[in-house]
Number of protein chains: 2
Amino acid sequence: MITELNIKQIEKISKALGDPYRLKIMKIVSNNATCTQCCDVSAEFNLAQSTMSHHIKQLIDADLLIADKEGRNLKFVVNKEVCTAYADYINSLVL
Amino acid sequence: MITELNIKQIEKISKALGDPYRLKIMKIVSNNATCTQCCDVSAEFNLAQSTMSHHIKQLIDADLLIADKEGRNLKFVVNKEVCTAYADYINSLVL
DNA sequence: CAAAAACATCGAAATATTTAGATATTTAAA
DNA sequence: TTTAAATATCTAAATATTTCGATGTTTTTG
């Protein structure tokens, strides 16, 4: 299934990636073979829990992360299709 | 020559792309076979000249556009290397 | 050389984002 | 079943971004 992103989604994804914490979260999740959890990620940062929650929410809302609530934990992985579709859009600017 | 972007550049590029006007500017420049100028772009928008100038500056500062001052005109094209390098970074999140 | 064209810069208002603390919710553990 | 752990939500302050109008600079044109 090939995902095509509209311009509003491109904007939202770009905005979500326009923050150092959120970029670092993406990298951590990407580097993790297994699903990551909020608390795993939080451990790497010096931010309030509510702030972390906010950042992760933005990545999920932008569909960059796919989340799955398991018990009291929130697990997530990189949304490969959306990342690829976003990269495709960027590449389409280069003709 | 292969461009490698550091994380600060990735952040700056993402931020630059996280705005509907700037995304539209990128598309206009991308679609133009020849160099684009500020006044070409401005004609498509309902924004003050100073605002357009500000948006274009952000794209140039993020190295997404390459600018060249010719007389009183500012001409620019898409920076293909940086766009490609950015897309590569995004793809690197998908393993 | 005076006027206009193209763009940049500055200052200020409006708006959006980031952040933390307090509190709420949901689930697991004791 | 009380307690603790993991996350979410709300509010408010701090900070950043967007936008415009006014003005400045540089270059071309009359």
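Throughout, protein chains are lettered first and strands after them, A, B, ... in sequence-line order, and every chain is numbered starting at 1. Since the model is a prediction, treat every value here as computed from it, not as a measurement.
- Connection of A/Ile60 to A/Val77 is not established within any shared hydrophobic cluster, with ILVMFWY side chains joined at heavy-atom distances below 4.5 Å, either directly or through further cluster members.
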Indicate every side-chain donor-acceptor pair of residues 63-70 of chain A with a distance under 3.5 Å to a residue at least two apart or in another chain.
none

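- A single hydrophobic cluster is seen to contain both B/Leu5 and B/Val78, as judged by linkage of ILVMFWY side chains at heavy-atom distances under 4.5 Å, directly or through other members.
- Contact record, B/Glu11 with A/Pro20: OE2-CD, 3.2 Å, taken as the closest heavy-atom pair.
- Per the geometry, CG belonging to A/Asn73 stands 14 Å off C1' belonging to C/dT25, to the nearest Å.
- The stretch residues 34-70 of chain A touches DNA chain D through A/Gln37, A/Cys38, A/Cys39, A/Gln49, A/Ser50, A/Ser53, A/Lys69, each having a heavy atom within less than 4.0 Å of the strand.
- Straight-line distance from the CZ atom of A/Arg72 to the P atom of D/dA6: 6 Å, rounded to whole Å.
- Nearest heavy atom pair, residue B/Arg22 against residue B/Lys15, reads NH2-O, 3.2 Å.
- At least one side-chain heavy atom of B/Tyr89 sits under 4.5 Å from a side-chain heavy atom of A/Lys27.
- In this structure, B/Lys80 places its NZ atom where only 12 or fewer heavy-atom neighbours from other residues, nucleotides or ligands lie under 6.0 Å away.
- At a non-hydrogen distance threshold of 4.0 Å, nothing from residues 8-32 of chain A comes into contact with DNA chain D.
- Within the 4.5 Å cutoff, no side-chain heavy atoms of B/Leu59 are placed close to those of B/Phe76.
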